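Treat the numbers as computed from the prediction; the structure is a model and nothing was measured. All chains are named by letter (A, B, ...) in the order of the sequence lines, taking the proteins before the strands, and each is independently numbered beginning at 1.
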Amino acid sequence: MRLLNRTATAYIIASILVLLVSIPIFYFVLHHLFAKQADSTLQSRKEFVVSKLGEINNELEIKNWTRFEDDIEVSRLPSDTAPLPDSIYDRIMGKDDYFRELVTQATIYGNPHRLVIRSSMLENHELIETIVISQALLLAVLLICLLLINRRISRQVWQPFYDTLAKLKNYSINQQTHLQLSHTSIEEFSELNEVVDKMTRKIQADFISLKQFTENASHEIQTPLAIIQSKLEVMIQDEELSREQMQNLQIIYETTGRLSKLNQALLLLTKIENNQFVHIERLNLKELIEAKLPLFEDFITAKNLTVKSALTDRWVQMNAPLARVMLTNLISNAIKHNTHGGTLEIILTETYLTVSNSGTAPTQPAEAFFDRFNKANPNSDSLGLGLAIVKEICDYAQFKIHYDYQGNIHTLRVQF
Amino acid sequence: MKLLLVEDEKHLAESVINYLTHEGYICEWAADFKKASEKIQLFLYDCALIDITLPGGTGLNLVQQLQRLDTAAGIIIISAKNSLDDKIMGLEIGADDYITKPFHLSELNARIKSLIRRRAFHGKQDVVFREITIQTDSLEVSVNQEALVLTKKELDLLLYFIANQNRVLTKESIAEHLWGEHADSLDSLDFIYTHIKNLRKKLIEKGCSDYIKSVYGMGYKFTEQTK
């Protein structure tokens, strides 16, 4: 739930509660006021009626008098009735006919009588209703306005926060630029921006120096390796070497070569990550593939592979060596993991490039194929970096790469 | 033939000089930019091997100096792998070839031979090993004046062997020579055996002795010694 919605909800719930509580209270207060007024009117009417009735001498006169006074009812009570105090109450007669009634006892010509005086409350009641409804409407409008204004102000106040948030969302540690946070006059947000800025700068600096370190380390390892290799090459020329010495040297030479290749692959990965391949050219992938395929001829004939290719001209903006490395790794991967007499299929269209090969079902999940040092066959001499490099190049060129296995065919698909 | 090696790594330079001296070259060594620059001004060389990253300056400047002096020297740039910009730059300003570290000494040797052949003899000089003659401009091979048909790979292999005769060539260096960067990604070592077997068979059929010797699983040696 967003912050603004959260506060707005709280406001709305509180307002509804206030409305629900205040309107009945308001109603009852008004009602009470009107009743009080009616009561005092009834009291003075009672005094007038009682004094008027004091002059009457028999039942007939009462009837004659009350005939013209329709707010008064007089009835004879048994003579031994105990006197009761006055009582006043609301009375509803029929539909929508509200009265305030005063009941009292009076002694007329020596006999106790029950005296009822009424005052119509209908008009008052309608008035109360009108007042309450209009008040309620007024309150509601006021609350809505308050809510809207509050929302608007909050939105303005929180704007810098949302700006920062949006920029952080789009921020990637790999990008070369710093976060450009907008200036704000609100102290808390300004402080937040300062902290975020400081933190991302620090992280970025650490990240860059780490990458630089990896690159420098790989680079520095290269020279000693080159020296070892060259010394070995000089050494093996010695004709006095025994078979056993030669075999040991062979293992050292091989291992050094592996180490050197591993190091070069890591260096390449780091360089891609460090965005060091800045030289972008317009390349026709079709031409590159067509130039590449003959170089694999020996390996294709040795495995007796059937090559099918359907290529259309597809121009990309890419660094040329990286494009070549990507194609080399994709094709050599498809040859290496092919079965004898299998097929190698390359399709290049406007939207994608697929390289497929025959092979048995994979033993690992699709995502694992692009992991570094992940080998299909743990005993193989391969470094397990080929597809990791392809993935890195695809990320760099903003292509998507997927692996799929269907009907004994492994397919790597590069989506442009 | 006189060579200049400009390389700041002493041990690497030693190996290169050792290998090339055995090939009959006179090798001079400069370990930094200043020394190399002096030598270029003072002496004439047939070929210069120049490392790009040097103490005191970049090897690219040395290439430019050599160009300005208009010497006959062929220029091979040596640089760290993947520094593609150096490669383009180097070839643009007049280097003849480019080799990346780490390299095989046998590969460097083959490149130097091929470069000198191109520059000094305009590619007209034939490569001759006893009864085998390779015309380097037309790439025709003959044994005792009789034509021998070789595939492209077999020819590459034969040229590489003759350039490095009497030397042990490791399987790795042969694979890299034949397939370049693609040697890394495939089990290329097995294919060398096939190519060598075919080449050896073709040579023996034409009446050559068995010049290709296997060296304890390490690699091969092309030699006329019968030991």
Side-chain angles (χ1 to χ4, degrees), chain A residues 219 222-239 241-247 249-250 253-254 256-257 260-261 263-265 267-268 271 276-279 292 295-299 301-302 319-322 324-325 328-329 331-333 335-336 380-383 386, chain B residues 8-19 22 53 78 80-85 87-88 100-108 151-153 164 166-173 176 178-192 194-195 215-219 221 225 227:
Chain A
H219 200 87
Q222 215 49 40
T223 309
L225 282 173
I227 294 172
I228 296 174
Q229 260 184 327
S230 71
K231 289 286 172 200
L232 281 169
E233 228 175 311
V234 170
M235 208 165 165
I236 57 170
Q237 306 304 334
D238 189 346
E239 296 190 354
L241 288 173
S242 72
R243 166 185 277 267
E244 203 191 335
Q245 284 170 323
M246 201 62 151
Q247 275 163 351
L249 283 179
Q250 148 81 1
Y253 185 81
E254 240 179 59
T256 314
S260 167
K261 272 167 197 159
N263 194 46
Q264 280 164 28
L267 190 57
L268 176 64
K271 280 192 163 183
Q276 299 208 345
F277 293 91
V278 283
H279 187 75
K292 196 105 276 195
L295 301 174
F296 287 103
E297 210 187 297
D298 281 336
F299 310 102
T301 38
N319 176 273
L322 286 189
R324 288 199 186 91
V325 169
T328 304
N329 288 7
I331 297 171
S332 67
N333 179 70
I335 295 174
K336 204 188 299 177
S380 92
D381 274 348
S382 87
L383 301 172
Chain B
D8 57 327
E9 275 307 322
K10 183 167 164 267
H11 296 298
L12 190 59
E14 275 171 9
S15 303
V16 173
I17 292 167
N18 178 308
Y19 198 98
H22 265 91
T53 38
I78 302 170
K81 192 143 182 161
N82 302 326
S83 308
L84 187 92
D85 293 342
K87 178 175 179 176
I88 295 170
T100 52
K101 266 190 209 171
F103 49 81
H104 298 281
L105 296 175
S106 43
E107 178 66 31
L108 178 67
T151 64
K152 170 88 175 50
K153 284 275 173 336
N164 289 291
N166 295 320
R167 293 305 187 104
V168 177
L169 295 180
T170 61
K171 288 181 290 191
E172 287 82 359
S173 96
E176 252 181 70
L178 293 185
W179 293 290
E181 55 180 315
H182 302 94
D184 289 4
S185 42
L186 294 155
D187 312 319
S188 51
L189 297 187
D190 302 335
F191 296 107
I192 297 169
T194 320
H195 283 295
V215 185
Y216 304 137
M218 181 89 198
K221 194 180 202 175
Q225 296 162 8
K227 188 187 111 187

Quiz item: Any idea how B/F191 and A/F299 line up, ring-wise: parallel (<30°), tilted (30 to 60°), or perpendicular (>60°)?
Solution: perpendicular
Practice problem: Give the member of A/K292, A/R324, A/M235 that has the highest number of heavy-atom pairs under 4.5 Å with chain B. | Solution: A/K292
Practice problem: Counting only heavy atoms closer than 4.5 Å, note whether A/I228 contacts chain B via side chain, backbone, both or neither. | Solution: neither
Quiz prompt | Interchain contact, A/S242 with chain B, by part (heavy-atom threshold 4.5 Å) | solution = backbone
Quiz item: Taking C-beta and beyond as the side chain, do A/E239 and B/K221 meet within less than 4.5 Å on heavy atoms?
Solution: yes
Quiz prompt | Per-residue contact mode, B/S106 against chain A (heavy atom under 4.5 angstrom) | solution = both
Exercise. Check whether A/L225 gets within reach of chain B through its side chain, its backbone, both or neither, counting any heavy atom under 4.5 Å.
Key: neither
Practice problem: Check whether any side-chain heavy atom of B/S15 lies under 4.5 Å from a side-chain heavy atom of A/E233, and answer yes or no. | Solution: no
Quiz item: Would you say B/L105 and A/V234 make side-chain contact, with heavy atoms under 4.5 Å?
Solution: yes
Practice problem: May I ask you to test the A/D298-B/H195 pair for a side-chain heavy-atom distance under 4.5 Å? | Solution: yes
Self-check item: More than 12 heavy atoms from other groups under 6.0 Å of CD on A/Q247
Solution: yes
Exercise. Check each atom of A/S260 against the heavy atoms of chain B and say whether the ones under 4.5 Å are side chain, backbone, both or neither.
Key: side chain
